[in-house]
Amino acid sequence: MPAAPAMLTIGDFSRATLLTIKTLRHYHDTGLLAAAEVDPRSGYRRYLTSQVPQAQIIKRFRELQMPLNEIRRLLASSDGPTRDTIIAAHLRRLENELGRTQSAVSELRGLLGPPASPVTISHRHIAPMLGVAISERVDVKHLVSWLAGALAELHSTLVTQSRRAVAAAGGVFSDEIFAKGRGPATMYIPCDGPIESIGRVRPYHSPEVELATIVHAGSHRSIDIAYGALATHVAHYELAADGPLREHYLVGPLDTLDESAWRTEIGWPIVNVAERPH
């Protein structure tokens, strides 16, 4: 008779794999690593020694923060290219997360260190312009992805209607977005003629406005530093006027996917300096 397969109690399997009993139970319940035997009366679980390598694989992927559903797909697949695709996608996510962490550390060092050199703030008059726009209520946490999608749709509309952009694309953001985390936002592109409405795209009239401006270089993850510097300037010189904040995408998602190359002009509405009483 063939020998019975070697089995381990859940406690011994825990010691063999350095996975807690609680974790092993969770993996069993979710179907990721099911026990080979479960006593129908006591519910006690036993594992095959041949399951130890699978547990070790799962442990390493979890240390790399791979979601359980992806580990399950990977282990269920016998196709090498499919496995490679799943692993490569997760490694890209890890690299992106590492990049964000390194950027955050660099920004923190700058904030905790000596004061940075003075920033350049300008005052600029924006003339009224015709254009094309998309306006929606947006969650602040989705704002960057929303604006990238909206700008791409606006650009496509200009192309299909044979119109040309005459100035940098811009965004207008209500106070609600900042105060409540959700509110009206508008993305627009000034263009050289009228536009017909299609889908969520509408003609737009960009109003005349006076702005104090600062140019932020790089990803929008650190754009709050530029907002803070601009607000400090406006408050110091008592220039603030009613109106939404604005952004102009001098180099943005329409130009490159490399966020480090982005250049965003932030505009804070101010009183007309020339007309201000002295």
Side-chain angles (χ1 to χ4, degrees), residues 120-178 182-224 226-227 230 241-275:
T120 300
I121 293 178
S122 305
H123 294 174
R124 183 153 101 79
H125 174 81
I126 306 294
M129 286 183 284
L130 294 177
V132 59
I134 292 174
S135 297
E136 291 181 324
R137 293 184 65 83
V138 184
D139 287 335
V140 68
K141 62 184 178 182
H142 300 143
L143 195 55
V144 174
S145 59
W146 176 81
L147 74 84
L151 287 176
E153 188 173 342
L154 293 172
H155 176 71
S156 176
T157 300
L158 291 181
V159 172
T160 57
Q161 297 196 25
S162 301
R163 292 300 180 192
R164 181 176 57 86
V166 296
V172 181
F173 307 106
S174 67
D175 290 345
E176 260 186 277
I177 288 182
F178 303 97
R182 179 177 173 81
T186 296
M187 302 305 302
Y188 69 93
I189 301 178
C191 61
D192 60 354
I195 288 285
E196 294 181 12
S197 297
I198 181 169
R200 60 178 184 163
V201 176
R202 296 289 182 272
Y204 182 70
H205 181 267
S206 176
E208 182 177 32
V209 64
E210 298 286 334
L211 299 173
T213 64
I214 186 172
V215 175
H216 168 71
S219 164
H220 284 200
R221 288 191 300 270
S222 58
I223 202 169
D224 60 315
Y227 268 96
L230 187 59
D242 292 336
L245 297 180
R246 296 171 179 271
E247 291 179 358
H248 299 113
Y249 307 105
L250 310 179
V251 180
L254 286 179
D255 307 297
T256 176
L257 295 177
D258 179 7
E259 295 185 11
S260 66
W262 290 0
R263 298 293 180 270
T264 306
E265 181 189 63
I266 304 167
W268 197 291
I270 59 172
V271 297
N272 189 320
V273 178
E275 298 175 359

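For the numbers below, each heavy atom of this structure counts, side chains included, while hydrogens, waters and symmetry mates do not.
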For the side chain of [X] and the backbone of [Y], is there at least one donor-acceptor N/O pair under 3.5 Å apart?
| X | Y | value |
| --- | --- | --- |
| Gln161 | Glu196 | yes |
| Asp258 | Ser260 | yes |
| Arg163 | Pro194 | yes |
| Arg221 | Gly218 | no |
| Trp146 | Lys141 | no |
| Thr160 | Ser156 | yes |

Is the shortest side-chain heavy-atom distance between [X] and [Y] below 4.5 Å?
| X | Y | answer |
| --- | --- | --- |
| Val166 | Ile189 | no |
| Leu151 | Tyr249 | yes |
| Arg202 | Val132 | no |

Nearest heavy-atom pair of [X] and [Y]: which atoms, and what distance?
| X | Y | result |
| --- | --- | --- |
| Ala168 | Leu250 | CB-CD2, 4.2 Å |
| Glu153 | Val201 | OE2-CG2, 3.7 Å |
| Leu147 | Pro253 | CD1-CG, 3.9 Å |
| Ala261 | Val251 | O-CG1, 3.4 Å |
| Ala212 | Ile121 | CB-CG2, 4.5 Å |

Check: Glu208/His125 side-chain N/O donor and acceptor closer than 3.5 Å: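 A donor-acceptor contact under 3.5 Å links the two side chains.
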Flag for Thr213-His123: side-chain donor and acceptor within less than 3.5 Å: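 Note: His123 and Thr213 side chains miss the donor-acceptor criterion.
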Geometric class of the Tyr188/His248 ring pair [parallel <30°, tilted 30-60°, perpendicular >60°]: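 Perpendicular: the ring planes of His248 and Tyr188 meet at over 60°.
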Worked verdict on Thr157 versus Ile195 for side chain to side chain contact (heavy atoms under 4.5 Å, CB included): CA-CA 8 Å; Thr157 300; Ile195 288 285; 4.2 Å; yes
Glu176 bridged to Arg137 by N-O distance under 4.0 Å: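 Yes.
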Ionic contact status for Glu265 with Arg246, cut-off 4.0 Å: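 No salt bridge links Arg246 with Glu265.
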